[in-house]
Amino acid sequence: MSWSLLNALRNNPDLVKDSLRKRRMDTGIVDKFIELDSKWRSVKAEIDELRHKHNVISREISKVSGAERENKIKEAKELLNEIQKKEEELNTLEQERERVLRSIPNLVHESVPYNCPEGVDSIPIRFYGTPRVWVGYINDFKEQTERFGFNIPYETIDWKPVGHADMLEIVLGMGDTLKAGEVAGSRFYYLFDDLVMLDMALIAYAIDHMTKKGFRLVLPPYMLKYEVLSEVLDMETFKDMVYKVEDEDLYLIGTAEHPIAAYLRRTELLEDQLPLLFVGVSPSFRREASAGNRDMKGIFRVHQFHKVEQFVFSLPEDSWKWHEELIKNAEELWQGLGLPYRVVVLCAHDMGRCAAKQYDLEVWMPAQGKYREMVSCSNCTDWQSAKLGVRVLRKDMRREFVHTLNSTAIASTRAITAILENNQEPDGTVVVPKVLRKYLEIFSKGPVDAIYPKKRVSRDEKGNPIIG
RNA sequence: GCCGGGGUGGCCGAGCACGGUGAAGGCGCGGGCCUGCUAAGUCCGUCCCCGCAAGGGGGCCCGGGUUCAAAUCCCGGCCCCGGCACCA
């Protein structure tokens, strides 16, 4: 059974090198692997040969007796010694080969842009909604639309919206990142009152939408063993993302994607059992180790949040269709929230290592003057499934690795930041998206039409906000 | 918790007391032949790895051990079934 990457490494190494170049990564690893692989194969052949000799002698022993038997036994023992030595060599090689193989990212799909110009990490492919653009950000807005050949209608506003961090902390008074920083560290938060209900309503909304589409709802383990987690993500992401539980072989999940992928670990499926559609709900824990000082204010980039995640195991020939389907599902959800967004296709150099192709959905953030990532949608092809051992037995008895895909549906804290900025009125009132009202009705003290400010917002002559 | 039985290839299932030539056989599935078509029949294939191939190696819940040789014997673990006991 062949894993497309291993196949390419052996039969078409230039394809892998191309792929690495597109990702702006060193291609030396390919030659390194080929060398290790052929070394490993030749040592394995030697060992197999020795073992064969040993097996032959071993069988003969049972048929002879006396001195001849003693001689054969002696001979077998000598072979055994030789085999043991070789096996040590093989083990070392095998581990190194495996380590190198695992560090090679997925092959980049042909439709993925590469050689993107300086500062461009993704290419917009479509826009939705009418963004509110503060006069001071009009040039920035055009830089993110017209530059890519899109002429997007927008609404100009002369008042600058309050950033989501100040909104939750000061204007609404429903968040406290300072106290959280004191007791847990930076990138943590206390959320209060209406915003907690909003968080839950967002999750319920996403669950409702996805289950209606036939995705099976799953609440997965929030921790995984090292071996399992290392099969679903690459080592770089592991180091940057994952928290370890002390004294246990357990790691906190960064997304429901990981335990859902692992659900079918070492499983063989029949062709007609696919596709398998899951929608997972779980907290996500992320160290954000390489994020530096980016997005330190507020709750845009945090160590913990709630997320509803789409996950698909598909037949290899259907995965590109499902990739489009997943981003479409996410778009429906964000359209429902009434937030203006764009879908971008990531340039090869900016994609995750598991992904062959990746879309992001980015919502316009009026206070930042930027489109910011809310959803990430990847086709991992057979990269995860080969490591996990999730296979399909075809009608003609061939075995193949399935394809896996994942996409955010809604991540709670990011959605809240988007709502706080986009649904903000000049006085600091936040209008609740209509589609969420149904999911807020279950709370007797929940917000109905809007969340009202504790401190009113006014503006200076340039339109900059003055709080209080 | 105690006693007994058990975990074998997609499924069923033999082998295990007495370690030794290919893990038997069946079902299902795929393919060839046959046939007017279907069925039946028949042959081949149907865990993983190396090899263009011939062929070879490894695999019998997991991890150790004994042995020239382990599905089979020994030690440790996990899980399942039955009986008994106990009980929110």
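Residue numbers begin at 1 in each chain, while the letters A, B, ... track the order of the sequences.
- In this structure, B:G76 forms a base pair with B:C62, meeting either the Watson-Crick or the G-U wobble geometry with both donor-acceptor distances under 3.5 Å.
- Rounded to a whole Å, the CD atom of A:E268 is 14 Å from the P atom of B:U46.
- Remark: the A:R69 side chain and the B:G20 base include a donor-acceptor N/O pair separated by less than 3.5 Å.
- Ring centroids of A:Y263 and A:F313 are separated by 6.0 Å or more, keeping the two rings apart.
- For the P atoms, the distance linking B:G57 with B:A71 amounts to 14 Å, nearest Å.
- Nucleic acid contact for A:R10: sugar-phosphate only, since backbone atoms but no base atoms lie under 4.0 Å from a heavy atom of the residue.
- Positionally, the nearest nucleotide of RNA chain B for A:A45 lies more toward the 5' end than for the other of A:A45 and A:I61.
- The A:I73 side chain lies nearest to B:C68 when the options are B:C68, B:G10, B:G58.
- When both pairing distances are held under 3.5 Å, B:A14 makes no Watson-Crick or G-U pair with any nucleotide shown.
- In this structure B:C84 sits in a base pair with B:G1, meeting the Watson-Crick or G-U test at under 3.5 Å.
- The separation of B:C61 from B:G10, taken at their P atoms, amounts to 13 Å, rounded to a whole angstrom.
- Spacing of C1' atoms, B:G25 relative to B:G76, comes out at 35 Å, to the nearest Å.
- Rounding to the nearest 0.5 angstrom, the gap separating the CD atom in A:E373 from the OG atom in A:S122 is 9.5 Å.
- Rounded to whole Å, atom P of B:U67 lies 16 Å from atom CD1 of A:I83.
- Across B:G26 and B:G13, the matching C1' atoms stand 8 Å from one another, rounded to whole Å.
- Between A:E94 atom CD and B:C48 atom C1' the separation is 13 Å, expressed in whole Å.
- Comparing the same atom, C1', in B:C73 and in B:G15 gives a spacing of 15 Å after rounding to whole Å.
- Residues A:H109 and A:W320 place their aromatic rings such that the two centres sit under 6.0 Å apart.
- What separates CD of A:E49 from C1' of B:A54 is a distance of 13 Å, to the nearest Å.
- Across all strands, A:L80 comes closer than 4.0 Å only to sugar-phosphate atoms, never to a base (heavy-atom distances).
- Judged by Watson-Crick or G-U wobble contacts below 3.5 Å, the nucleotide B:G28 has B:U46 as its partner.
- For A:R59 and B:G22, the shortest distance from a side-chain N or O to OP1 or OP2 is below 4.0 Å.
- Separating the CD atom of A:E271 from the C1' atom of B:G30 is a distance of 12 Å, rounded to the nearest angstrom.
- Cation-pi check for A:R97 over A:F33 is not met; the charged atom does not lie both under 6.0 angstrom from the ring centroid and within 45 degrees of its normal.
- B:A14 sits 31 Å from B:G65 when the P atoms are compared, rounded to a whole Å.
- Phosphate contact (OP1/OP2 of B:A69, side-chain N/O of A:N55, threshold under 4.0 Å): absent.
- Taking only side-chain nitrogens and oxygens, A:R391 never comes nearer than 4.0 Å to OP1 or OP2 of B:C47.
- B:A24 takes the anti form, because its glycosidic angle lies more than 90° either side of 0.
- The base-pairing partner of B:G19, taking Watson-Crick or G-U wobble contacts with both distances under 3.5 Å, does not exist among the strands shown.
- Using a 4.0 Å heavy-atom distance criterion, A:K395 is classed as a sugar-phosphate-only contact.
- No side-chain N or O of A:K307 forms a donor-acceptor pair with one of A:T408 less than 3.5 Å apart.
- As rounded to whole Å, 15 Å separates atom P of B:G45 from atom CZ of A:R399.
- Between B:A17 and B:U72, the distance separating the two P atoms is 10 Å to the nearest Å.
- Computed from coordinates, the A:R394 CZ to B:G10 P distance equals 18 Å when rounded to whole Å.
- Here the C1' atom of nucleotide B:G56 and the CG atom of A:D48 are 6 Å apart, to the nearest Å.
- As rounded to the nearest Å, B:C33 and B:A23 have P atoms that lie 32 Å from one another.
- In this structure, A:L393 reaches neither bases nor backbone, as no heavy-atom distance under 4.0 Å exists between it and the strands shown.
- Side-chain atoms of A:C380 and A:N406, non-hydrogen and from C-beta on, do get closer than 4.5 Å to each other.
- Considering all non-hydrogen atoms of both residues, A:C354 and A:L233 come closest at SG-CA, 4.2 Å.
- Annotation: of the two residues near RNA chain B, A:I47 and A:S58, the 5′-most nearest-nucleotide partner is A:S58.
- When the side-chain nitrogen and oxygen atoms of A:R41 are compared with OP1 and OP2 of B:C49, none of them lie within a distance under 4.0 Å.
- Listed here is the closest heavy atom pair of A:K454 and A:L172: NZ-O, 3.1 Å.
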